[in-house]
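Below is one structure; the comments refer to it alone.
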2 protein chains.
Amino acid sequence: MDKYDSLKLGNQLCFPLYAAGKEIVKKYHPYLAEYDLTYTQYITLMVLWETDNISVKELGNRLLLDSGTLTPLLKSMEKKGFVTRKRSEEDERVVFVCLTDEGRALRDRLLHIPEQMGRCVCLSREEAGQLYMLLGKLLNGLSQDER
Amino acid sequence: MDKYDSLKLGNQLCFPLYAAGKEIVKKYHPYLAEYDLTYTQYITLMVLWETDNISVKELGNRLLLDSGTLTPLLKSMEKKGFVTRKRSEEDERVVFVCLTDEGRALRDRLLHIPEQMGRCVCLSREEAGQLYMLLGKLLNGLSQDER
DNA sequence: TTCAATTAGATTGTACACAATTTAATTGCG
DNA sequence: CGCAATTAAATTGTGTACAATCTAATTGAA
C-alpha cells in the first residue's frame with residue numbers, strides 16, 4: 001500500500017472498460033469483413049433497421065457519436081449502397097438517412113452474427129445480465145453531469 | 001418478440017461495452033490535456049511507473065496494444081520528453097522504453113486524477129468491484145480462443 | 001553449420017473518434 | 001420585423017487502433 005496505488009493500472013476500472021470495449025469490437029472484425037462492414041457501420045445499421053429515415057443528429061444520440069464520425073461513415077455506407085442521405089425540406093440543416101433495399105436485406109444476412117459472437121463471451125446469462133445492468137448504470141451516470 | 005430481436009441495439013452486450021469504454025476515456029480528456037497527455041499515453045505511463053525499462057513487446061502485452069499503435073505513440077512521448085527509446089544490445093530486434101526524469105515526475109503531478117475520475121463514476125464500491133470482476137472475466141475469455 | 005522459420009518493431013493503409021471550428025439555416029427575443 | 005443566439009452538419013486536425021506487410025535479427029532443426 002503506497003501513495004501511488006491509485007495510479008496502478010491494475011487498480012483502474014477504466015482500463016478494463018477501455019480494453020474490453022476494444023477487444024470485443026475486434027472480435028467482430030472477421031464476421032463483418034465478409035460483408036464489407038465495420039463495427040461502427042454494423043451498429044448504424046441496427047439503428048436504421050429499427051428506425052429508418054432518421055436524422056444524423058438522432059443517429060448520433062443513439063450511438064453516442066458526433067457528426068465528425070458519422071458524416072464520413074454515412075458517406076462511405078452510401079457509396080457501398082447500404083444507405084441514402086437526403087437533406088430535409090422543412091429544415092435544410094437536417095439530413096435524413098434511409099436504408100436502401102440492399103441495406104434492408106443485410107438484416108437477414110447478418111442474423112447469424114449475434115449468435116456467433118455470443119459464443120465468444122464466456123459469461124453465464126446472469127453474469128452477462130449483471131454486466132449489462134452495471135454498464136447501463138455507469139453510462140447513465142457519465143452522461144448525467146454532461147457539460 | 002420477433003426474429004430480429006438479436007439484432008436490436010438494445011439487446012447487445014457489446015454496444016454498452018464499446019460505448020462505456022469510449023465515454024469514460026472521453027471523461028479523462030480535460031484532466032489529461034492540461035499535461036499534454038492522451039489517455040493512451042496516460043496508461044502507458046502507468047505501466048512505466050511500475051516497470052521502467054520495458055520492451056515495446058511487453059508494453060503491448062500489458063496494454064493490449066500492438067506495435068502499429070505503440071511505435072508512433074512512444075515516438076510522440078519521446079518528443080515531449082517523457083520517455084526515451086533504446087534498442088537492446090543483446091537482441092537488436094528489441095526496443096526498451098525508459099522514463100525520463102520529467103516522465104517520472106508526472107507521477108506526483110497526476111496523483112489527483114484517479115480521485116477526480118472516481119467522482120464521475122456513479123457506482124457503489126460493490127458495484128464497481130462487480131463490474132471490474134466481470135470485465136476481467138470477459139477479457140480473459142476473449143483472449144482464451146486467440147488464434 | 002546453415003538456412004528456413006520465427007520474432008520484434010516499424011511501416012502502410014484504412015477507419016474511426018472527437019475537439020474545435022466553420023457554414024448555413026432557423027429560432028426567438030426585443 | 002431584425003438580428004443575435006442557437007442549431008445541424010460538415011470540415012479540419014490530431015491521435016489512436018489495427019490488419020497486413022515488411023525488414024532485420026535471432027533461433028532451431030536437419
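In what follows, chains carry the letters A, B, and so on, assigned in the order in which the sequence lines appear, proteins first and then strands, with residues in each chain numbered from 1. Worth knowing before you read on, the calculation uses all heavy atoms, side chains too, and leaves out hydrogens, waters and symmetry mates.
- Using a distance-only test at 3.5 Å, with no hydrogens or angles considered, no donor-acceptor pair links the side chain of B/Lys137 to the main chain of A/Glu127.
- A straight line from CG of B/Asp36 to C1' of D/dT14 spans 12 Å, rounded to a whole angstrom.
- Of the side-chain N and O atoms in B/Arg87, one or more sit less than 4.0 angstrom from OP1 or OP2 of C/dA10.
- In this structure, B/Asp66 places its CG atom 15 Å from C1' of C/dT7, rounding to the nearest Å.
- A cation-pi geometry, defined here as NZ or CZ lying under 6.0 Å from the six-membered ring centre and within 45° of its normal, does not hold between A/Arg109 and A/Tyr35.
- Phosphate contact (OP1/OP2 of D/dA8, side-chain N/O of A/Arg85, threshold under 4.0 Å): absent.
- Here B/Tyr18 does not reach the OP1 or OP2 of C/dC16: none of its side-chain N or O atoms lies under 4.0 Å away.
- With A/Asp66 contributing its side chain and A/Thr69 its backbone, the two residues share a donor-acceptor pair below 3.5 Å.
- Nucleotide C/dA10 holds its C1' atom 14 Å from the NZ atom of B/Lys57, rounded to whole Å.
- Between the P atom of C/dC16 and the NZ atom of A/Lys22 lies a distance of 17 Å, rounded to the nearest Å.
- The side chain of A/Arg93 places no N or O atom within less than 4.0 Å of a non-bridging phosphate oxygen (OP1 or OP2) of C/dT22.
- Within 4.0 Å (heavy atoms only), B/Ser76 reaches no atom of the nucleic acid at all.
- One finds no salt bridge joining A/Lys27 and A/Glu23 here, because no Lys/Arg side-chain nitrogen approaches an Asp/Glu carboxylate oxygen to under 4.0 Å.
- To the nearest angstrom, P of D/dA17 lies 19 Å from NZ of A/Lys27.
- Heavy atoms of B/Glu58 sit nowhere under 4.0 angstrom from any nucleic acid atom.
- Comparing A/Ser67 and A/Lys26 by the nucleotide of DNA chain D that holds the closest heavy atom to each, the one mapping nearer the 5' end is A/Ser67.
- The aromatic rings of B/Tyr28 and B/Tyr39 are tilted relative to each other, their planes meeting at an angle between 30° and 60°.
- In the set C/dC18, D/dA19, C/dA25, C/dA25 carries the atom at the smallest distance from any side-chain atom of A/Asp91.
- For B/Gln41, a side-chain nitrogen or oxygen approaches OP1 or OP2 of D/dT16 to under 4.0 Å.
- Applying the 4.0 Å criterion to OP1 and OP2 of D/dT11, one finds that A/Thr71 has every side-chain N and O outside that range.
- Residue B/Thr38 places no side-chain N or O under 4.0 Å from the OP1 or OP2 atom of D/dT14.
- Within the structure, every side-chain polar atom (N or O) of A/Lys75 is placed at least 4.0 Å from both OP1 and OP2 of C/dA15.
- If you check every strand for non-hydrogen atoms under 4.0 Å, B/Leu70 touches nothing.
- Heavy-atom distances to DNA chain D give each of B/Glu89 and A/Val95 a nearest nucleotide, and the one nearer the 5′ end belongs to A/Val95.
- The phosphate of D/dA17 (OP1 or OP2) has a side-chain N or O of B/Thr40 nearer than 4.0 angstrom.
- Distance, A/Glu92 CD to C/dT27 P: 12 Å, rounded to whole Å.
- No donor-acceptor distance shorter than 3.5 angstrom exists from the side chain of B/Ser76 to the backbone of B/Pro72, with no hydrogens or angles considered.
- A/Leu64 comes within 4.0 angstrom of sugar-phosphate atoms only, judged by non-hydrogen atoms across all strands, and of no base.
- One can place CG of A/Leu65 at 10 Å from C1' of C/dC18, the figure rounded to the nearest angstrom.
- Atom CG in B/Asn61 sits about 13 Å away from atom P in C/dT7, given to the nearest Å.
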